[in-house]
Asker: 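I have a structure I would like to understand better, so I am pasting it below and will then ask my questions one at a time.
Residue indices begin at 1 and follow the sequence shown.
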Amino acid sequence: MNNFFLELTIALLFGIGTFLVLRRDMMKVIIGFGIISHAINLYIVGGGVFSEGTLVPILEHEQALEGLNQGLIYNDNLTAGILGPITTNPYTEFVDPLVQALVLTAIVIGLATTAFVLTLCYRVNEEYGTIDVQELRRLRE
C-alpha cells in the first residue's frame with residue numbers, strides 16, 4: 001500500500017469531517033463525526049502495517065523464519081493442519097490482526113452511537129421543528 005495516498009486519504013477525510021462538524025445543521029455534524037471516526041480508523045489500520053524486517057506475530061518464530069527463507073510466510077502442511085496464504089512479499093501484504101480487531105470493534109461501537117444520535121436528532125426535530133443548532137439555542141432562551 002502506498003503510504004502517501006493513505007495519508008492523503010486520511011487528511012482529506014479528516015478535513016471534510018471537520019468542515020461538516022462546524023456546520024449549523026445537526027445532520028451534517030453527525031455525518032462529520034462519522035467521517036472523522038472513519039479517518040481515525042484508517043489511521044490506526046495504517047499504523048498496523050508491518051514495516052520491513054518485522055515478523056508476522058501470529059506465527060511461531062521458526063515457521064516465519066523458515067517461510068522467509070523460501071520467500072513465503074509458510075507452506076501448506078495438511079497433515080499438521082496448516083493451510084495458509086502464499087505470498088511472495090511477506091512484509092508488506094499483512095497487517096497486525098490486533099489492530100484489525102480493535103478497528104472492527106470501533107466500527108461497531110461507532111455505528112451504535114451514530115444510530116443513537118440520529119434517533120436523538122429525529123426527536124429534537126419532532127419536538128422543536130428544526131435541527132439548526134443556532135435556532136435551537138435561540139428557542140431555548
Asker: Can you confirm whether T130 sits close enough to L139 that some side-chain heavy atom of one is under 4.5 Å from a side-chain heavy atom of the other?
Answerer: yes
Asker: Side-chain heavy atoms nearer than 4.5 Å, only ILVMFWY residues, links allowed to pass through others: does that put L104 and L98 together?
Answerer: no
Asker: Just to verify, what does R23 make a salt bridge (charged side-chain N to carboxylate O under 4.0 Å, His left out) with, not counting sequence neighbours?
Answerer: none
Asker: Starting from the C-alpha separation in whole Å, work towards a yes-or-no answer on side-chain contact (heavy atoms from CB on, under 4.5 Å) for T105 and I109.
Answerer: CA-CA 6 Å; T105 305; I109 291 171; 3.9 Å; yes
Asker: Go through the structure and list residues passing side chain to side chain donor-acceptor pair (under 3.5 Å) with N125, not counting sequence neighbours.
Answerer: none
Asker: Quick one: side chain to side chain donor-acceptor pair (under 3.5 Å) pairs with a partner in residues 107-122, sequence neighbours left out?
Answerer: Y122-E126
Asker: Can you tell me how far apart CG (L12) and CD (E7) are? Round to the nearest 0.5 Å.
Answerer: 12.0 Å
Asker: How many angstroms lie between CG in L120 and CE in M26, if you round to the nearest 0.5 Å?
Answerer: 7.5 Å
Asker: Are I30 and Y128 connected in a single hydrophobic cluster, I mean Ile/Leu/Val/Met/Phe/Trp/Tyr linked by side-chain heavy atoms less than 4.5 Å apart?
Answerer: yes
Asker: Answer yes if F14 and I107 sit in the same cluster of Ile, Leu, Val, Met, Phe, Trp and Tyr residues linked by side chain heavy atoms under 4.5 Å apart, and no otherwise.
Answerer: yes
Asker: Ignoring hydrogens and angles, write down the donor-acceptor pairs under 3.5 Å from the side chains of residues 32-44, residues two or more places apart or on other chains.
Answerer:
| unit_1 | atom_1 | unit_2 | atom_2 | d |
| --- | --- | --- | --- | --- |
| S37 | OG | G34 | O | 3.0 |
| N41 | ND2 | S37 | O | 3.3 |

Asker: Are V117 and V124 connected in the hydrophobic side-chain network, where two residues link if heavy atoms are under 4.5 Å apart?
Answerer: yes
Asker: Roughly how far apart are Q100 CD and L102 CG, rounded to 0.5 Å?
Answerer: 11.0 Å
Asker: First locate atom CD1 of I10, then atom CG of L6, and finally report the distance between them rounded to the nearest 0.5 Å.
Answerer: 4.0 Å
Asker: Taking side-chain contact (heavy atoms from CB on, under 4.5 Å) as the test, write out the residues that go with D25, two or more places apart.
Answerer: M27, K28, I131
